[in-house]
A.B. asks: 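Mind having a look at this structure? Questions to follow.
All chains are named by letter (A, B, ...) in the order of the sequence lines, taking the proteins before the strands, and each is independently numbered beginning at 1.
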Protein chains: 2
Amino acid sequence: MEFKEAKNKFVQTWGALGSQWGINKTMAQIHALLMISNQAVSMEDIMEELQISRGNASMNLRALMDWGIVYKEYKAGERREFFTAEKDLDELAVKIARERSKREIKPALKILKEVSSIESKDSAEEKHFVDQTSKLYDFVLKADNMLDKMTEFNENWLGRLVLKIMK
Amino acid sequence: MEFKEAKNKFVQTWGALGSQWGINKTMAQIHALLMISNQAVSMEDIMEELQISRGNASMNLRALMDWGIVYKEYKAGERREFFTAEKDLDELAVKIARERSKREIKPALKILKEVSSIESKDSAEEKHFVDQTSKLYDFVLKADNMLDKMTEFNENWLGRLVLKIMK
DNA sequence: TTAAACTTTCAAAAATAAATGAAACTTTAG
DNA sequence: CTAAAGTTTCATTTATTTTTGAAAGTTTAA
C-alpha cells in the first residue's frame, strides 16, 4: 500500500467511525486529515482533499474548534487561515469526553434526577420505576465523574489507569 | 410530576441520548421501556406505548436481542412472546461495550494497523503519518483492552474502578 | 390438515441529517 | 476609502437513515 492510498483509507475509516458514534462524517474526516498532517492546512486544501463545499468545510471546522480539538493558525504574510488538530491523544480523549459530558450526559442526568424523584410510589410498577431510574442516575453519575478524574490524572492517564486496573 | 409523565420523559430522553451515540431512537426507546417495566412486555404493548409500527418494533427488538441486552420470554398458556431487558447496569454496560468493540473498534484497529505499516517513509509527511497512526493504534488498542478488563472485574466493576482511581 | 394468531421481512415512503452554493459579511493591502 | 481576498451563513437540495405496512412466513390449537 502506498502513502496516498493509506492516507485515504485512514480518513475514510475515521469518518465512518465518527458517524457510528454520532459525529458527522465530514467533521470526523477533517479531523482525521488534520491529525495526520505535519503542517497547518488551509480551508482550500481541505475542500480539495475531501471534495467538499466551502460551506461544509467552514461549518465543520467551526464545530471542531468549538470542541477544542482543532485550532486556527495564522502564517506571517499569509492572508488565509490555517488549521491544525490537537495531536496529543490523551488530550484529545479528555477534550472529547469533557465535551460529550457537557452536551449530553449532564442534561440526561438532570432528567434522570427529575423523573426518579416523583412522589407517588403506590403501585409495584411505580416503585420499580423509581428504583430503576435512581440506580441509573447513580450509575451514570459515577461514570461521568470517572471522566472528570481522567482530567486530574493528567498526562498519560490511560496508561496509568491500565496499570492500576492490572494489579 | 406524575408517573405517566415521568415515564414518558425517561423514554424520550433515553431515545435522544441513543441517537446522539449512534443507536437508533426507537431501539433506545424500546430498551428504556423494558428497563423500567417490572414485568415482561408484549410486542403489541410496545407498539401501543411508543406508537410505532409492527415492523419497526420487530426489527428493533431483534437488534436489541442481538446486542444481548433484551431477552425473549414465554408465558405459560400464552401464545405471544414477551420481552424483558437486562436490568443489571454493570452487566448492561459490559455488554454494550463488548458489542461496540466487536462491531466498530476491532475493525477500525485492523485498518489502523494496516495503514500504519506502509513501507515508504521518505518524506517528513509520510514519517508523520506513520508515527501518528501508530500512536493512534496503540492508544485505541489500550482503551479497547481496558474494556475487556471491565468484564474480568465482574460485579460492580465501575464502583471498584472509581475506588482505585480515587486513591 | 388447516385456519387463526402471531412474527418477520423488505420494498417503498417518510423523516432526518448533512451538504451545497450563492449572497452577505469581514478583513486588509494599497 | 475601496476593491480584492477570504470567511460565514443559511435557505434549498441531496443523501442517509428510519419507519411503515402489506405480504410472506411460522407456529400451534383444534
A.B. asks: Counting only heavy atoms and a strict 4.0 angstrom limit, can you tell me which residues of residues 29-40 of chain A come near DNA chain D?
C.D. replies: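 Going residue by residue through residues 29-40 of chain A, none turns out to have a heavy atom under 4.0 Å of DNA chain D.
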A.B. asks: Just the endpoints, please: which first and last nucleotides of DNA chain D, 5' to 3', lie under 4.0 Å from a heavy atom of chain A?
C.D. replies: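 Listing 5' to 3', DNA chain D meets chain A from D:dA4 to D:dC10.
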A.B. asks: Do side-chain atoms of A:His128 reach the backbone of B:Ile36 as a donor and acceptor pair under 3.5 angstrom?
C.D. replies: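 At least one qualifying donor-acceptor pair exists.
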A.B. asks: Using atom CE of B:Met59 as one end and atom C1' of C:dA12 as the other, report the distance to the nearest whole Å.
C.D. replies: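 So the two atoms are 13 Å apart, to the nearest Å.
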A.B. asks: Any salt bridge between B:Lys142 and B:Asp138, counting N to O under 4.0 Å?
C.D. replies: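 Not counted as a salt bridge, because no side-chain N and carboxylate O are separated by less than 4.0 Å.
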A.B. asks: If you draw a 6.0 Å radius around NZ in A:Lys87, do more than 12 non-hydrogen atoms from other residues or ligands fall strictly inside?
C.D. replies: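 Yes, the 6.0 Å shell around NZ holds more than 12 heavy atoms from other groups.
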A.B. asks: Can you list the residues that meet the salt bridge (charged side-chain N to carboxylate O under 4.0 Å, His left out) rule with B:Asp88, with sequence neighbours excluded?
C.D. replies: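 For B:Asp88 there are no salt bridge (charged side-chain N to carboxylate O under 4.0 Å, His left out) partners, ignoring immediate neighbours.
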A.B. asks: Give the residues of residues 9-27 of chain B touching DNA chain D, defined as any heavy atom closer than 4.0 Å, sorted by residue number.
C.D. replies: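 By residue number: B:Asn24, B:Thr26.
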A.B. asks: Go through residues 46-56 of chain A and report each residue with a non-hydrogen atom lying under 4.0 Å from DNA chain D, sorted by number.
C.D. replies: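 By residue number: A:Arg54, A:Gly55.
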A.B. asks: Please name the pair of heavy atoms, one in A:Ala57 and one in A:Met47, separated by the smallest distance, quoted to 0.1 Å.
C.D. replies: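 It is CB-CG, 3.9 Å.
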A.B. asks: Would you mind writing out the side-chain donor-acceptor pairs for residues 100-113 of chain B within the sub-3.5 Å range, not counting sequence neighbours?
C.D. replies:
| residue | atom | partner | partner atom | Å |
| --- | --- | --- | --- | --- |
| B:Arg100 | NE | B:Glu104 | OE1 | 3.0 |
| B:Arg100 | NH1 | B:Trp21 | O | 2.8 |
| B:Arg100 | NH2 | A:Gln20 | O | 2.6 |
| B:Arg100 | NH2 | B:Trp21 | O | 3.3 |
| B:Arg100 | NH2 | B:Glu104 | OE1 | 3.4 |
| B:Ser101 | OG | B:Lys106 | NZ | 2.9 |
| B:Ser101 | OG | B:Asp144 | OD1 | 2.7 |
| B:Arg103 | NE | B:Glu99 | OE2 | 3.2 |
| B:Arg103 | NH2 | B:Glu99 | OE2 | 2.9 |
| B:Glu104 | OE1 | A:Trp21 | NE1 | 3.0 |
| B:Lys106 | NZ | B:Asp144 | OD2 | 3.2 |

A.B. asks: So which pairs with a foot in residues 53-71 of chain B pass salt bridge (Lys or Arg N to Asp or Glu O under 4.0 Å), sequence neighbours left out?
C.D. replies: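 Residue pairs passing salt bridge (Lys or Arg N to Asp or Glu O under 4.0 Å), neighbours aside: B:Glu44-B:Arg54.
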A.B. asks: Ignoring hydrogens and angles, tell me if any N or O in the side chain of A:Lys95 forms a donor-acceptor pair with the backbone of A:Gly68 under 3.5 Å.
C.D. replies: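 Confirmed, A:Lys95 side chain pairs with A:Gly68 backbone.
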A.B. asks: Taking all non-hydrogen atoms of both residues, which atom of B:Met146 and which atom of A:Leu158 are closest, and how far apart?
C.D. replies: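 Here B:Met146 and A:Leu158 meet closest at SD-CD1, 3.7 Å.
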A.B. asks: A:Met35 and B:Leu141: same hydrophobic cluster, using ILVMFWY side-chain contacts below 4.5 Å?
C.D. replies: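 As far as the 4.5 Å side-chain criterion goes, B:Leu141 and A:Met35 are connected within one cluster.
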A.B. asks: Keeping to residues at least two apart or across chains, list the salt bridge (Lys or Arg N to Asp or Glu O under 4.0 Å) pairs with something in residues 31-43 of chain B.
C.D. replies: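 Counting only pairs at least two positions apart or across chains, no salt bridge (Lys or Arg N to Asp or Glu O under 4.0 Å) contact touches residues 31-43 of chain B.
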A.B. asks: To check you understand the geometry: which heavy-atom pair defines the closest contact between B:Ser42 and B:Arg80, and what is its length?
C.D. replies: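 B:Ser42 and B:Arg80 have their closest heavy atoms at OG-NH1, 3.6 Å.
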A.B. asks: Just checking A:Glu81: base, sugar-phosphate only, or nothing, at a heavy-atom cut-off of under 4.0 Å?
C.D. replies: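 The answer is sugar-phosphate, as A:Glu81 gets under 4.0 Å only of primed atoms, P, OP1 or OP2.
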A.B. asks: Identify each atom pair where a protein N or O and an N or O of nucleotides 24-30 of chain C are less than 3.5 Å apart, giving names and distance.
C.D. replies:
| residue | atom | partner | partner atom | Å |
| --- | --- | --- | --- | --- |
| C:dT27 | O2 | A:Arg79 | NH2 | 2.4 |

A.B. asks: For DNA chain C, whose closest nucleotide is more 5', that of A:Asn60 or that of B:Phe82?
C.D. replies: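 First, find each residue's nearest nucleotide; the 5'-ward one identifies B:Phe82.
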A.B. asks: Can you pull the salt bridge (Lys or Arg N to Asp or Glu O under 4.0 Å) pairs that have at least one residue in residues 23-37 of chain B, sequence neighbours excluded?
C.D. replies: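 Pairs touching residues 23-37 of chain B that pass the test: none.
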A.B. asks: For a quick test of your reading: what N or O donor-acceptor pairs under 3.5 Å do the side chains of residues 3-13 of chain A make, sequence neighbours left out?
C.D. replies:
| residue | atom | partner | partner atom | Å |
| --- | --- | --- | --- | --- |
| A:Lys7 | NZ | A:Glu49 | OE2 | 2.9 |
| A:Lys9 | NZ | B:Glu114 | OE1 | 2.7 |
| A:Gln12 | OE1 | A:Gln29 | NE2 | 3.3 |
| A:Thr13 | OG1 | A:Lys9 | O | 2.7 |

A.B. asks: Under the rule for salt bridge (charged side-chain N to carboxylate O under 4.0 Å, His left out), what residues qualify as partners of B:Glu48, not counting sequence neighbours?
C.D. replies: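 Counting only residues at least two positions away or on another chain, B:Glu48 forms no salt bridge (charged side-chain N to carboxylate O under 4.0 Å, His left out).
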